[in-house]
Amino acid sequence: MKVAALLATRATRAHRKAWTAVFAALTLTSLLLGAFGLTLVSAWSAHPRVERYAGADLVVAGDQTTRFSAASLGERETVSAGLTERVRIPRTALTVVRGVPGVRAAVADVEFPVGLAGSAATGSATGSATGRPWEAARLAPYALRTGRAPQRADEVVVAGGGGPERGGADRVGQRLTLRVGGHDTAYTVVGVADGPRTAVWFTGAEARRLSGHPEALDAIGVVAESGTGAGELAGRVRKALDTAGVTDVGHRADGDPATVRVLTGDDRGEAEFLAAAPARGELLAALGSVAGAVVLVSLLVVSSTIVQALRQRSHELGLLRAVGATPGQLRAAVGREVGRVAAWAALVGAAGAAPAYLGLRALLGARGALPTGLDLTLLPPLWLTPLVTAAVTVLVAQVAALIGGARTATARPAEALRERAPGRGRGITGLVLLGVGASAAGTAALQRGATAAAAAGAAAVTMVIACAVLGPWIAEGAMRLLGAPLRLFGPGGRLAAANCAASAHRLGAAITPIVLVTAFAGVQLSGGATLTHAGDAQARQVLRADLAVHADGGLPAGAVERIREVPGVRAATEIVPGTVLLARSQLGAPELERLPVFGVTPEGLTRTLDPGPRSGDLTRLRPGTVAVGADRADSLGVRPGSTVTLRFGDGQEARLRVVATYQRSIALGDFLLSRDDLLRHTSMPVASGAGRVLVATAPDADRKAVTNALARAVPGARVEPDPAPVRGEAAEQALAEVVSLAVVGAVGGFTVIAVLSTLALIATGRRPELRLLRLAGAGRGQLRRMLRLEAAATVVTGLVVGAAVASVPLLAFSMATTGTLPYLPPAQAAVIVSVVVATAAAGSLPPVWGTLRGRYPR
């Protein structure tokens, strides 16, 4: 061990420049792993924020989780998914809870969308709000600032902060026209309270009537008597509800129990921010995949960098082996050497992990990838996560050192001084990996959605590793193709061609990181861009309407009929977005897939929208029926007349009869439902004007006159002269975009370091060769041209091979999901090429500038 320690100490001092690149790669590895680790554990410990139930000791609410079970590998497996629409509980639960010993107060809470229409005199639309019963304000608690509580049906309390969007609503005595459920009613403001600026409180009876479901509640807030603990009371309430047989409202699927939940502590926020819990699961899955990709890429890059650093010292290590150093001593010396560099690099990276984590959190928030109300929390012990990831970084470095030093350490002393060609086993391994990658690409071609994307990503990773293994052969083949063009550039070109042909092994190490960034960035960026590009194109093709009408708080009753009667209106279709869950077995395993859908009115549908009908009749779309996208219909094996079982956003299951299939499902989603069916399972059906009426005008109609007539026919509504295309967006799209950006940034950073370090190490090791060429008569200009052409050959080979590697899984993915060729925005492609070219130039030329200066070689 003393010999190994001595060798490690001397080698570290003598090869500081070679270890600088390794230090940089390991520092970035530690920093990224630490940042993603902190984000991962903060998502694991995240919980929905508790606001309007902060004053309640516990909350009784519906079960916001749906479950699906299926037999997988002979065992029963169950998966679950969070529900983003409100699961309501029966009003009878209120009586049960109030009768539990220790309950001081049990307050019913309901929530419904309200359109603020200014004063009753003007009727001008000014925004949206949320209505609740005044009794529920005590659960926050929200106190009155001025005035009194509402006592009559036409009285309300509003939140304080009279901004201009409220039209002076914070004055007691102000008359407001509020639109609820499509009906306009005048109310008197009798009080101003603390709370969200969009809150409006009604009397309990009025809120019950306006909610649209008088026999169901959103939640029950429970306040315990003095001396009664929340945990103890929660057990009593749970037992009372079970004894009374209280379950959620609505029909659930078999095997999906509708158990009313009793929430305490931080879990109370789940009854308020419904999207927070599902988003937390999606965030954990996405960050876990990113962390896995970072570990894999870091192992590949760090291994390549360490191998190249050791290759520059192959003669030195071979000499030690030839003079009697044992394989164990060489392994120990290299391990200690790498361990010292890795330990310091890991600590430096861990120190920067916290700022990087805060930056990633800011990016998630800025891009809308985190839902409202989800708090990413970090307990004090979890801030030590970067130390754990630093240990992982050291382990990665040690594994890479073991791989890098294995060949020299195991060589016979007589052969240790000689560089050996890559063996047959390496070639066979690379070909097997290529086959595995092609198989994964084939899987992507047969799947859809997230499964296809995961298979495409796995194919890209596998094929990149295969290219790294086959690097020398790829470089040799590329140089045979590029040799003739290089020789056209005179003596410098001939020198470059000869050097590239003679040093294929060295060139293969330089090509690998370029292939890595090209393939990874291409798959990550092009996958999402292909879907977006195809979806945007379909959305433009789908929309036939000339105008759109919508209003906060919902359109008035009979608005669609009045719109159709306006002169110049050819057709009008109301369209409402939503989500459903499809439960099915995928490759024998249960799966719950969340899908964006639209609910529509069928009258005049094909004049306002063009879904691309394939079979059946879209105008037969009624409650209890569904239209299915062509690709989804093929995968489910359904056609008009078949039935499809779906779960709505509130967990209720329905068997729907298929009446039609259509082509343009990327824009419209895989299912078109009746508007009435979808609205029955939507918590806030027209909140913020989500639903709108698409209007197609007659060819000879004056569009401006029709616009004015529509505004008169539907008071308080907004008329859009150029409606936005109809496009269903997946709930996790913003998160997927941030994850793709993070992966591309991480891989890009690794690649910059890998390309710079590999080329710099190669260039540094070639200084004696360049001096010899100068002594043999080569001019400085010829050598500069040689180096530039070698760098160009490396860049071209890496970009071409990387693009080829990316194209295989991308082509399979895009043809399976969109039926089109892969698409990458030209600006993003230009950035990838520019980064690779600039990095290759920086790594190839500056390290040898000193050798090329002056009349005599130095």
- Message: With side chain to side chain contact (heavy atoms under 4.5 Å, CB included) as the test, pick out the partner of R692 among L547, I575, V549, T573.
- Response: I575
- Below 4.5 Å, heavy atoms only, C-beta onward: do H533 and T820 meet side chain to side chain? no
- R67 backbone acceptor or donor facing D256 side chain under 3.5 Å: yes
- Between S642 and V658, is there a donor-acceptor pair closer than 3.5 Å when you use the side chain of the first and the backbone of the second? no
- Query: Between L646 and L581, does a side-chain contact (heavy atoms from CB on, under 4.5 Å) hold up when you go through it step by step?
  - Reply: CA-CA 6 Å; L646 296 177; L581 291 104; over 6 Å; no
- Kindly indicate whether the side chain of T185, heavy atoms from C-beta on, has any atom under 4.5 Å from the side chain of V180. no
- Apply the side chain to side chain contact (heavy atoms under 4.5 Å, CB included) test between R594 and each candidate in V580, L83, T84; give the one that qualifies. T84
- Shortest non-hydrogen contact from P611 to L668? CB-CD1, 3.5 Å
- With sequence neighbours left out, write down each residue that passes side-chain contact (heavy atoms from CB on, under 4.5 Å) with R680, or none if nothing qualifies. P623, D676, D677
- Task: Test V542 against every option in D610, L609, T608 by the side chain to side chain contact (heavy atoms under 4.5 Å, CB included) rule and name the one that passes.
- Result: L609
- Message: Less than 4.5 Å apart, side chain to side chain, heavy atoms only: is that true for L543 and L694?
- Response: yes
- Query: Where the side chain of S814 meets the backbone of L821, is there a donor-acceptor pair that is under 3.5 Å apart?
  - Reply: no
- Message: For the backbone of S615 and the side chain of Y662, can you confirm whether one donor and one acceptor N or O come within less than 3.5 Å of each other?
- Response: no
- Message: If I take atom CD from residue E574 and atom OG1 from residue T601, how far apart are they, to the nearest 0.5 angstrom?
- Response: 6.0 Å
- Task: Step through the shown structure and confirm whether more than 12 heavy atoms of other residues, nucleotides or ligands are within 6.0 Å of CZ on R639.
- Result: no
- Looking only at heavy atoms, which two atoms of P590 and V79 are closest? And how far apart? O-CG1, 3.5 Å
- Atom pair OG1/CD of T579 and E593 - distance to nearest 0.5 Å: 12.5 Å
- Quick one: are E272 and E111 in side-chain contact, heavy atoms under 4.5 Å? no
- Do the non-hydrogen side-chain atoms of R632 and L595 ever get within less than 4.5 Å of each other? yes
- Message: Test side-chain contact (heavy atoms from CB on, under 4.5 Å) on R620 and R657; report intermediate values, then the result.
- Response: CA-CA 11 Å; R620 297 175 58 196; R657 182 171 55 86; 3.6 Å; yes
- Message: Using modelled atom types and a 3.5 Å cut-off, is there a donor and acceptor pairing between side-chain atoms of T625 and backbone atoms of L621?
- Response: no
- Query: Checking Q64 side chain against E85 main chain: does a donor-acceptor pair fall under 3.5 Å?
  - Reply: yes
- Might you point out which heavy atoms bring D63 and T259 nearest each other, and give the distance in Å? CB-O, 3.1 Å
- Item | Pairwise side-chain contact, V597 with D670, heavy-atom cut-off 4.5 Å (strictly under) | no
- Atom pair CG/CG of L178 and D184 - distance to nearest 0.5 Å: 9.0 Å
- Item | Basic-acidic side-chain contact under 4.0 Å: D218, R88 | yes
- Query: Where is the tightest heavy-atom contact between F68 and R647, given as atom of each residue plus distance?
  - Reply: CD1-NH2, 3.8 Å
- So, R622 side chain and T619 main chain: donor-acceptor pair closer than 3.5 Å or not? yes
- Would you check, one step at a time, whether the test side-chain contact (heavy atoms from CB on, under 4.5 Å) holds for T66 with L592? CA-CA 9 Å; T66 185; L592 279 168; 4.1 Å; yes
- Item | Over all atoms of both residues, closest heavy-atom pair of P278 and L274 | CD-O, 3.2 Å
- Are F671 and L656 close enough that some pair of their side-chain heavy atoms sits under 4.5 Å apart? no
- Give, for atom CD of E720 and atom CG of D546, the distance between the pair rounded to the nearest 0.5 Å. 13.0 Å
- Taken to the nearest 0.5 Å, the spacing of Q652 CD from H681 NE2 works out to 5.0 Å
- Under 3.5 Å, is there a donor-acceptor pair between the side chain of T532 and the main chain of A529? no
- Check whether any side-chain N or O of T530 sits under 3.5 Å from a backbone N or O of Y823 as a donor-acceptor pair, and report yes or no. yes
- Note on the structure: Minimal heavy-atom distance between A803 and T518, with the atoms involved, is N-CG2, 3.6 Å
- Message: For A572, is there any backbone N or O sitting under 3.5 Å from a side-chain donor or acceptor partner on R564?
- Response: yes
- Item | R252 and V87, any side-chain heavy atoms less than 4.5 Å apart | yes
- Item | Inter-residue atom distance S585.OG - E77.CD, 0.5 Å rounding | 9.5 Å
